[in-house]
Amino acid sequence: MRHVLGISGGKDSAALAIYLKEQGRAPDIEYFFTDTGAELQEVYDFVDRLEAYLGKEIKRLNSGADFDHHLVRFNGFLPSARQRWCTRVMKLEPFEKFVGDDPVISYIGIRADEDREGYLSHKPNIKAVFPFVEDGLVREDVFRILKETVGIPKYYQWRSRSGCYFCFFQRRDEWVGLHDRHPELFRQAMEYEKFNDLTGERYTWIQGISLEELIERRSSISSKANCRTTRTWEDRLFDVDDEEDQACLICSL
Ligand code: SF4
């Protein structure tokens, strides 16, 4: 029986890895990080820091091709919440290849204060377990664990999740944050959007609005975001809607 724990670069999986290590549970656990090649540099830096703390390799997995290659395979259709080929091809399939047909226990960082299943592998040889749920750990515990060890990933100051820089699950104010913090990545995300002047068809990351239009209207987005900013960024993270996170479990937990 193999024991595996997927590190997404997000807070919950990192805290779970640290928690299990400190508890001395599953000492033969294998850590892995499924790299889409489109993660933020802050995510890569955090995974490196976590690996150093754990004192054990976090195996980097990938799909064998970059996003652009897969985009061509999918006829140029950008992934979306309804056509979510990116997670299946760039996250789930490399994971399932990694475990093969071995019987596996997969440790998942869902917390006791959440009610979600998320997007998990359903291969019969993979059994998911939820130590935070079993032990009653909640969001405050996750933050405490991280603060006492590797720290909270800095991208949480402007973004509520890890995952690809162009992730369509990010909120509008997070796109604005990407524009301000990583203008080059924002520009690259813009280049993926396509417009057909003849047919009027538009292929945009956000339904109904292009990234260019988003930035033109940023003042209204920023002021709405500012309504949420009366507290510190760490406190604001507590406001993130778990419903919203549900769709992106494997990418950002
Ligand atoms: S982070 Fe977002 S864009 Fe990247 S694989 Fe996950 S759902 Fe797709």
Side-chain angles (χ1 to χ4, degrees), residues 5-14 32-47 58 60-98 106 108-110 116-122 153-156 158-179 181-182 184-194 203-207 209-211 214 237 240-253:
L5 197 167
I7 302 294
S8 70
K11 62 186 186 326
D12 298 305
S13 59
F32 67 91
F33 168 66
T34 311
D35 185 3
T36 63
E39 317 279 338
L40 295 169
Q41 186 56 47
E42 294 98 306
V43 170
Y44 295 120
D45 294 344
F46 182 66
V47 172
I58 298 174
R60 273 65 168 180
L61 310 179
N62 62 62
S63 63
D66 62 12
F67 176 78
D68 289 6
H69 172 90
H70 295 303
L71 187 60
V72 171
R73 273 180 63 205
F74 286 87
N75 299 320
F77 283 105
L78 292 176
S80 65
R82 291 169 64 189
Q83 296 289 334
R84 197 179 165 187
W85 56 260
C86 51
T87 308
R88 178 164 42 82
V89 170
M90 298 198 297
K91 294 274 184 183
L92 266 186
E93 288 178 3
F95 165 59
E96 291 178 346
K97 192 170 164 201
F98 171 59
S106 176
I108 310 289
I110 290 178
R116 58 175 172 166
E117 280 188 9
Y119 198 110
L120 301 169
S121 173
H122 294 294
K154 287 289 179 259
Y155 61 81
Y156 279 127
W158 57 277
R159 206 173 197 245
S160 60
R161 56 173 59 84
S162 56
C164 306
Y165 69 84
F166 46 63
C167 184
F168 43 83
F169 283 118
Q170 63 193 307
R171 299 188 310 248
R172 293 183 182 204
D173 56 303
E174 293 174 340
W175 277 110
V176 173
L178 181 72
H179 173 271
R181 310 255 177 166
H182 296 282
E184 181 59 21
L185 293 180
F186 188 87
R187 194 186 57 73
Q188 286 177 31
M190 281 177 73
E191 286 177 4
Y192 285 116
E193 298 193 319
K194 297 280 176 276
Y203 301 97
T204 54
W205 291 108
I206 309 169
Q207 197 173 10
I209 183 171
S210 70
L211 293 182
L214 181 84
L237 261 183
V240 174
D241 184 1
D242 286 335
E243 276 283 305
E244 202 180 329
D245 269 354
Q246 182 162 343
C248 209
L249 185 64
I250 194 170
C251 304
S252 63
L253 190 71

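As the structure lists them, so they are numbered: ligands from 1, and atoms in each ligand from 1.
- Not a single heavy atom of Arg161 sits closer than 4.0 Å to an atom of ligand 1.
- Ring pair Phe168/Trp205 is parallel by interplanar angle, where below 30° counts as parallel and above 60° as perpendicular.
- In this structure, Trp175 and Phe166 have side chains that are in contact, with non-hydrogen atoms separated by less than 4.5 Å.
- Ring geometry for Phe67 against Tyr192 counts as perpendicular: the plane angle is over 60°, on a 0 to 90° scale with 30° as the lower cut.
- For ligand 1, the atoms lying closer than 4.0 Å to a non-hydrogen atom of Arg84 are 7 (S).
- The atoms of ligand 1 that sit less than 4.0 Å from any heavy atom of Phe169 are 7 (S).
- Less than 4.0 angstrom separates some heavy atom of Gly163 from each of these atoms of ligand 1: 1 (S).
- Glu193 and Ile209 make their closest contact through OE2-O, 4.4 Å (heavy atoms, listed as atom of the first residue, atom of the second, distance).
- Atoms of ligand 1 found under 4.0 Å from any heavy atom of Cys164, numbered from 1 in the order shown, are 1 (S), 3 (S), 4 (Fe), 5 (S).
- Donor-acceptor pairing under 3.5 Å is lacking for the side chains of His182 and Gln188.
- Under 2.8 Å from atom 8 (Fe) of ligand 1 lies an N/O/S atom of Cys86, whether from backbone or side chain.
- Between atom 7 (S) of ligand 1 and the options Leu92, Thr34, Thr87, the minimum heavy-atom separation is to Thr87.
- Side chains of Glu39 and Ser162: a donor-acceptor N/O pair is absent below 3.5 angstrom, by distance only.
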